[in-house]
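A short worksheet on the structure shown next.
Chain letters run A, B, ... following the sequence lines, proteins first, then strands; residues in each count from 1. The basis for the numbers below is simple: all heavy atoms, side chains too, and nothing from hydrogens, waters or symmetry mates. Note that the coordinates shown come from a computational prediction; the quantities given were computed from them, not determined experimentally.
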2 protein chains.
Amino acid sequence: MTRLPLRRVSFQTLTCRQRGYVSLNKLVDMQEALSNAKSLEELQTFVEGLRGVYGIDNLVYHSVNASGGQYAALTYSDTWVERYIEKGYERIDPVVQGCYKRFTPIDWKALDWSGKPSRDFLGEAASQGLGNQGFSVPIRGPSGQFALFSVNQKDNDDRWAQFTEERASDLILIAHYMNERALEIEGGPSQGPVRALSPREKDALTLLALGNNRAGVAEALQISENTLRVYIESARFKMGATNTVHAVATALTHGLIVV
Amino acid sequence: MTRLPLRRVSFQTLTCRQRGYVSLNKLVDMQEALSNAKSLEELQTFVEGLRGVYGIDNLVYHSVNASGGQYAALTYSDTWVERYIEKGYERIDPVVQGCYKRFTPIDWKALDWSGKPSRDFLGEAASQGLGNQGFSVPIRGPSGQFALFSVNQKDNDDRWAQFTEERASDLILIAHYMNERALEIEGGPSQGPVRALSPREKDALTLLALGNNRAGVAEALQISENTLRVYIESARFKMGATNTVHAVATALTHGLIVV
DNA sequence: TCCGACCTCACCATTTCTGGTGAAGGGGAA
DNA sequence: TTCCCCTTCACCAGAAATGGTGAGGTCGGA
């Protein structure tokens with residue numbers, strides 16, 4: 001695979017702005033660390049280092065891939081992380097829920113914190129040492145991969161507004177490059193053991209995903225329902241799916257079909 | 001919605017590098033045009049202007065959203081575009097197929113051009129005026145949205161390698177900001193009439209998407225199969241899905257559940 | 001040239017899903 | 001407090017999907 005020198009160039013653009021308290025040397029070190037990272041542990045180190053570079057209380061990179069696998073590199077306390085996982089707080093965390101439907105970065109203030117679960121969650125987070133201010137960048141990769149890069153700080157509104165204004169584009173770039181590295185480390189572009197589908201198999205699953213039943217699909221494809229079944233079954237077999245629903249869901253999450 | 005001054009800042013980073021033949025004024029104009037774009041037509045204008053700025057033969061921005069809606073802003077000839085659509089060339093175009101599984105930008109040379117359909121396609125593209133060199137940036141948005149930003153040029157390998165090396169990070173940033181604008185213009189963060197699912201409905205659809213049948217899901221959820229059916233049906237109703245397969249597929253493509 | 005992969009069709013018993021209706025208690029929001 | 005939504009359960013007939021197996025033809029790559 002041809003590796004383009006994206007990181008180097010882009011971090012140079014980051015540092016050439018001479019905007020103040022970010023140490024260029026530190027940032028270059030960080031960039032070095034990131035582009036050389038060969039394991040997820042090194043990403044953790046990167047995140048921790050970044051905290052010092054930006055003078056920020058907490059940073060979080062959290063990725064969820066298509067198969068439900070999760071990975072996080074963060075600076076929160078172990079207590080809080082365990083609690084979060086144990087309670088499945090990603091389900092009510094307005095940051096996660098809000099960003100999942102967005103494509104642009106957002107300040108936590110702009111999220112919807114109404115509703116009792118959200119407020120309870122906020123209270124507990126604060127008691128665990130989280131700051132009142134935050135900024136998150138949603139990032140997406142292939143096959144439904146989703147990641148969130150957030151910074152969190154105890155600060156007043158004015159100072160925080162200034163920080164986000166100045167650093168937003170830094171954070172966006174870092175978020176994207178970090179996600180690239182995490183994805184490359186985790187599995188690379190090779191998507192696992194799922195074999196490609198034949199054109200007819202794709203047609204069949206796509207029409208099925210669109211809500212047609214077998215009779216409808218067979219008619220749309222101008223083939224007999226028996227033939228259609230062969231496609232569905234061979235697609236199922238290729239993907240190791242147990243039934244039609246599973247096959248369509250797998251094809252969708254692996255990017256084998258597009259609806 | 002709080003709008004962050006991302007575009008301005010980032011295009012400044014683009015222009016502050018003083019790398020040669022890109023006219024700063026032109027680029028600033030382009031940036032202005034992009035951030036003020038209120039319609040998809042203006043994105044077309046932006047793409048056409050970019051061609052002059054970079055001295056590039058062709059640029060293409062092509063987006064496919066979760067509902068199958070497509071939009072493109074490009075500089076190819078109408079003849080080629082019509083031909084491409086008519087023949088459904090996106091199915092065999094190695095650029096589209098290759099990038100869909102990737103998350104990092106790629107030079108067209110690094111793609112897989114073996115196979116008769118690919119070679120035939122390449123021949124026809126060349127006869128329609130496309131250059132031999134190309135570089136594409138895959139971009140992803142919420143709910144499975146996918147877009148491709150490509151540049152295409154008639155050039156020799158050395159000069160092209162130099163161009164991509166120098167301009168890769170520009171192109172990546174432009175690609176991302178263009179995608180943001182296209183998404184905001186097209187519909188914004190509001191995702192349409194699909195109502196949110198209740199926790200139990202999500203559980204049910206998720207377990208179904210994972211390959212369980214109703215009996216298995218009911219057991220996993222520790223509820224009767226009758227109850228489970230209520231969840232599936234109410235979820236179907238909310239999303240206007242005609243059957244279980246459709247419901248799971250819709251929930252997946254709209255980001256209502258994650259598998 | 002041969003093999004493998006793809007496309008096409010058929011049969012049939014069994015399992016599973018669907019459609020529609022009714023009903024109860026709990027909890028949050030206005 | 002009232003209302004709406006969520007969660008839980010039941011019944012039943014008819015429609016649809018499934019699991020195997022067999023078999024013909026085409027086409028591109030080794």
Can you see if the side chain of Lys202(B) gets near the phosphate of dC6(D) - specifically, an N or O under 4.0 Å from OP1 or OP2?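 Lys202(B) to dC6(D) OP1/OP2: no side-chain N or O under 4.0 Å.
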
According to a strict under-4.0 Å criterion, is Arg214(A) in side-chain N/O contact with OP1 or OP2 of dA17(D)?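 For Arg214(A), the contact criterion (side-chain N or O under 4.0 Å from OP1 or OP2 of dA17(D)) is met.
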
To the nearest angstrom, how far is [X] atom [atom1] from [N] atom [atom2]?
X: Leu228(B); N: dG19(C); atom1: CG; atom2: C1'; value: 15 Å
X: Glu233(A); N: dG22(D); atom1: CD; atom2: C1'; value: 14 Å
X: Asn212(B); N: dC17(C); atom1: CG; atom2: P; value: 11 Å
X: Glu201(B); N: dC5(D); atom1: CD; atom2: P; value: 12 Å
X: Arg229(A); N: dA17(D); atom1: CZ; atom2: P; value: 10 Å
X: Asn243(B); N: dA17(D); atom1: CG; atom2: P; value: 8 Å
X: Ile232(A); N: dG19(D); atom1: CD1; atom2: P; value: 11 Å
X: Asn226(A); N: dA16(D); atom1: CG; atom2: C1'; value: 14 Å

Any side-chain heavy atom of Pro105(B) sitting closer than 4.5 Å to one from Phe135(B)?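 Yes; the side chains approach each other to less than 4.5 Å.
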
Parallel, tilted or perpendicular: rings of Trp80(B) and Tyr84(B) (30°, 60°):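 Rings of Tyr84(B) and Trp80(B): perpendicular, as their planes differ by over 60°.
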
Give the ring-plane orientation class for Trp113(B) versus Phe121(B), where under 30° counts as parallel, over 60° as perpendicular and anything between as tilted.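 Plane angle under 30°, so parallel.
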
Which one, [options], comes nearest to the side chain of [X]?
X: Ser198(A); options: dC7(C), dC6(D), dC11(C); result: dC7(C)
X: Asn213(B); options: dC17(C), dA10(C), dT8(D); result: dC17(C)
X: Tyr231(A); options: dA16(D), dT8(C), dT7(D); result: dT8(C)
X: Thr244(B); options: dT18(D), dT18(C), dT7(D); result: dT18(C)
X: Glu225(A); options: dT18(C), dC9(C), dA17(D); result: dA17(D)

Looking at Leu59(A), is its backbone amide N or carbonyl O close enough to the side chain of Thr75(A) to form a donor-acceptor pair, meaning the two atoms are under 3.5 Å apart?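 Pair found, side chain donor or acceptor close to backbone of Leu59(A).
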
N/O donor-acceptor pair under 3.5 Å between Asn58(A) side chain and Val151(A) backbone: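 Judged by distance alone, no pair lies under 3.5 Å.
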
When you compare the side chains of [X] and [Y], does any donor N or O come within less than 3.5 Å of an acceptor on the partner?
X: Asp107(A); Y: Trp160(A); value: yes
X: Gln133(A); Y: Asp157(A); value: yes
X: Asn152(A); Y: Tyr76(A); value: no

Looking for any heavy atom pair under 4.0 Å, which part of the strands does Ser234(A) touch: base, sugar-phosphate only, or nothing?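 The residue Ser234(A) makes no contact with any strand.
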
What does Thr227(B) touch in the nucleic acid at a heavy-atom separation under 4.0 angstrom: a base, only the sugar-phosphate, or nothing?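 Contact class for Thr227(B): base.
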
Assess whether one donor atom and one acceptor atom, taken from the side chain of Arg236(A) and the base of dG19(D), lie less than 3.5 Å apart.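 No pair found.
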
N/O-N/O pairs, protein side and nucleotides 22-30 of chain C side, under 3.5 Å:
none

Quiz: residues 228-237 of chain A side-chain donor-acceptor pairs under 3.5 angstrom, not counting sequence neighbours:
from, atom 1, to, atom 2, distance (Å)
Arg229(A), NH2, Glu233(A), OE2, 3.2
Ser234(A), OG, Glu201(A), OE2, 2.5
Ser234(A), OG, Val230(A), O, 3.3
Ser234(A), OG, Tyr231(A), O, 3.1

Could you give the angle between the helix axes at the two ends of the helix from dT1(C)-dA30(D) to dA30(C)-dT1(D), with five pairs per end, rounded to 10 degrees?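 Angle reported: 80°, given to the nearest ten degrees.
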
Inspect the surroundings of CD in Gln128(A) and state if more than 12 heavy atoms from other residues, nucleotides or ligands are less than 6.0 Å away.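 Result for CD/Gln128(A): enclosed.
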
When you match Leu208(B) and Pro199(A) each to their closest nucleotide on DNA chain C, which lands nearer the 5' end?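 It is Pro199(A) whose nearest nucleotide is closer to the 5' end.
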
